[in-house]
Visitor: 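Sharing a structure below in C-alpha cells format, with a few things to ask.
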Protein chains: 2
Amino acid sequence: MTLTDTNSWTGIREVLLRRIHDRIWQPGEQIPHEADLAEEFGCARTTVNRALRDLADSGLVVRKRKAGTRVAVNPPQRATLTIPIIREEVESIGGSYRHSVLERDLRPLPAMLHGAFQVSLGEDVLFLKTLHFSNERPYAFEERYINLEAAPAARDLSFKEVSANEWLVHNAPYSHGDLSFFAVNADDKLSGKLDAATGTALFAMERITWAGDLPITHVRLIFAPGYRMRTEI
Amino acid sequence: MTLTDTNSWTGIREVLLRRIHDRIWQPGEQIPHEADLAEEFGCARTTVNRALRDLADSGLVVRKRKAGTRVAVNPPQRATLTIPIIREEVESIGGSYRHSVLERDLRPLPAMLHGAFQVSLGEDVLFLKTLHFSNERPYAFEERYINLEAAPAARDLSFKEVSANEWLVHNAPYSHGDLSFFAVNADDKLSGKLDAATGTALFAMERITWAGDLPITHVRLIFAPGYRMRTEI
DNA sequence: CAGTGGTCTAGACCACGAG
DNA sequence: TCGTGGTCTAGACCACTGC
C-alpha cells in the first residue's frame, strides 16, 4: 500500500482527489472548510489552500468566498497545449529543419482581417508565405501578416535565415492572443506545396497576437497530412 | 498612467513581465534571486515566489535550484483548452442539445486499439456510435469504446437519455488521459451523418482516459463542418 | 559544499458575496 | 453582516544541483 505524505500540499491534493474519485464527496457537494481540513491533516491552512487551489485550477472543484468549496458537477477537461516554434517541434522529433520563404511583400491588410486585426488605416502590413520542411519533406505551410507598427525592424528582414515565427518570438513578445484550430481541404495550390492530394483534410491553426492593444501578427499554419496535435490530460 | 500594486503577487508579476517584454532582462539572462526581488519590492519572499512560479508555469521563465531563474530563450506558447461535455458546449452557444445512439453492442476490442487501450484479453468492450445535435443539426459524430471492467454499470445502460460522454464524467472519473486533434475527410457514411459533402475536411479529436492503470474509454469525435476549437493565450 | 528555489508554519488582515 | 477563501508576512528547514 502506498502511503501519502499528508504534510505536503501534493500529498493532501492526492487525498482530496481520492475522496472525489471515490464519491466520498459527491459532485455538487460542499466539502469542509480549509480550516477544518487543515486541522484534520495537522497542517497549516496555507498548505490546504495550495492543494485546493490546484484542484480548482484543474476544474475539479469550484471555490467561492463565503459559499465554500464544492466538487464540480461537470468537471471540464482542461488540457494544456504547448505550441513550440516549428523548428523546435521538428528537431524534437529528430527531423532536420529548413524553411523557404515563398512570397514576401508589403500590402494593405486584407478586408477579411479588418475586424480581428486592427492596424492603422492605410498602413501596409508585411505579408509572408513560408513553407516549413522536416527532413526535406513539407511539414507546414504558413501565411502571415506582420504589423510593422509593432515590429518595425521586420521591414528590412528577409526571414530567409531565421523564420518569422522564431524572429517574432525573440523580438516582438506578445502579451496575449487568440488561437484556434480547425480543418481545411487542400486546394490545388496547397496540395502542391504540402505534397498532399487535392482535397485532403489538413489540420490548421490560426493565431493572432497582441502586445497590449497593438496587434503584432496574424498567422495561419496548415500542416501536412497526418499531423496530430497531442497532449496529456 | 496606471500604477501597479507591487505588494500583490499579481502586481509583482506585471512588473516582472514588463521587464521581460522591455528586454531589461534579456532572454537567457539570469534575473535576481527571490530574496533580492523581495527586498526591492519590500515584500516577503513568498510573494515574489508566487509571482515567479506563475511566470514559470506559463513558460516565460525557467527556474532551477541553485542555478536561479532565467528568462526563457524560446518561450513556448502554452494554451489551456477547456473541453466541456458536448451538451454544455452546445447549450453555452445557445443551441438546444439532443443526441441519438446509432449503434450499441458488445464486441472485442479492435486490433487497432490493442496497443493504446489495454483491456483484459478476450473481454468484450462496449461500443457506441452516437450523433450529437445542436438545434436539430448534426454537431458531432462519436465512436466510443468503454472498458466494462472500469465501468461495469455501463453494460446495462442504453445511453439514450444521458450521453455516454456525460455519464462517464459523472460515474467513471479518470485520473489521466491522452488527447489529440487532427483532420479527417468525410467519407460517405460520415457525410450523411454530419450533413457534409463527401470529402469535406472535418476537425476531429481522439481521447483515451484511464483511472490509474485501468483504461476507461476511447473516444473519437468528429465535428460537423465549420467547427473551430478556440482559446486565448 | 553552498546557493537557490520549494515548501511549510502560525498568524493576520482583507475582499467578496451569500443569505 | 459575517463566513469563507485570498493573500501577505517573517521565519524556518529542506531538496536539488551547479560548482
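Side chains are part of it too, since the values below use all heavy atoms of this structure and drop only hydrogens, waters and symmetry mates. Note that the coordinates shown come from a computational prediction; the quantities given were computed from them, not determined experimentally. Each chain gets a letter, A, B and so on, in the order the sequences are listed, and its residues count up from 1.
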Visitor: For a quick test of reading the model: is some side-chain N or O of B:Thr69 closer than 4.0 Å to OP1 or OP2 of C:dG5?
Guide: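 Yes, B:Thr69 has a side-chain N/O under 4.0 Å of OP1/OP2 on C:dG5.
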Visitor: Between A:Lys66 and A:Arg63, which residue's closest nucleotide on DNA chain D lies nearer the 5′ terminus?
Guide: A:Lys66
Visitor: Between A:Ala44 and B:Ile31, which is nearer to the 5' end of DNA chain C once each is assigned its nearest nucleotide?
Guide: B:Ile31
Visitor: Measure from CH2 on B:Trp9 to P on C:dT7 and round the result to the nearest Å.
Guide: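 Result: 15 Å.
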Visitor: More than 12 heavy atoms of other residues, nucleotides or ligands under 6.0 Å from CD of B:Glu39: is that the case?
Guide: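 No, the 6.0 Å shell around CD holds no more than 12 heavy atoms from other groups.
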Visitor: Which nucleotide sits closest to the side chain of A:Glu34: C:dT7, D:dA10, D:dG6?
Guide: D:dG6
Visitor: Of the listed nucleotides (D:dT4, D:dC8, D:dA10), which one gets closest to any side-chain atom of A:His33?
Guide: D:dT4
Visitor: Measure up the B:His218 and B:Phe117 rings against each other and bin them: parallel (under 30°), tilted (30 to 60°), perpendicular (over 60°).
Guide: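 The arrangement is perpendicular - the two ring planes meet at more than 60°.
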Visitor: CZ of A:Arg70 versus P of D:dG3: gap in Å, rounded?
Guide: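 Taking atom P of D:dG3 as the reference, CZ of A:Arg70 is at 17 Å.
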Visitor: I'd like to know whether A:Glu142 forms a salt bridge (charged side-chain N to carboxylate O under 4.0 Å, His left out) with A:Arg207, so could you lay out the CA-CA distance, the side-chain angles of the two residues, the decisive distance to 0.1 Å, and finally the verdict.
Guide: CA-CA 11 Å; A:Glu142 171 183 320; A:Arg207 185 169 53 196; over 6 Å; no
Visitor: Considering only C:dT7, D:dC8, D:dG18, which nucleotide approaches the side chain of B:Thr47 most closely?
Guide: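 Looking only at side-chain atoms, B:Thr47 lies closest to D:dC8.
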Visitor: Using the side-chain heavy atoms of B:Arg65, tell me which of these nucleotides is nearest: C:dC8, C:dG3, D:dT7.
Guide: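 Looking only at heavy atoms from C-beta outward on B:Arg65, the closest nucleotide is C:dG3.
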Visitor: Tell me whether the side-chain N/O atoms of A:Asn49 come closer than 4.0 Å to OP1 or OP2 in D:dG5.
Guide: no
Visitor: Looking across every strand, which nucleic acid part, if any, lies under 4.0 Å from A:Arg50 by heavy atom: base, sugar-phosphate, or nothing?
Guide: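 The residue A:Arg50 makes sugar-phosphate contact but no base contact.
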Visitor: Name the one of B:Thr69, B:Thr47, B:Thr46, B:Asn49 that satisfies side-chain hydrogen bond (donor to acceptor under 3.5 Å, both in side chains) with B:Glu34?
Guide: B:Asn49
Visitor: Tell me whether B:Arg19 is salt-bridged to B:Glu29, with the criterion being a basic N under 4.0 Å from an acidic carboxylate O.
Guide: no
Visitor: On DNA chain C, compare the nucleotides closest to A:Arg45 and A:Ala67; which residue's is nearer the 5' end?
Guide: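 The 5'-side residue here is A:Arg45.
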Visitor: Which of these nucleotides, C:dG5, D:dT4, D:dG18, is closest to any side-chain atom of B:Lys64?
Guide: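 Closest of the options to the side chain of B:Lys64: D:dG18.
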Visitor: For the side chain of A:Arg53, starting at C-beta, report the closest nucleotide among C:dA2, C:dA18, D:dT7.
Guide: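 For A:Arg53, the side-chain atoms sit closest to D:dT7.
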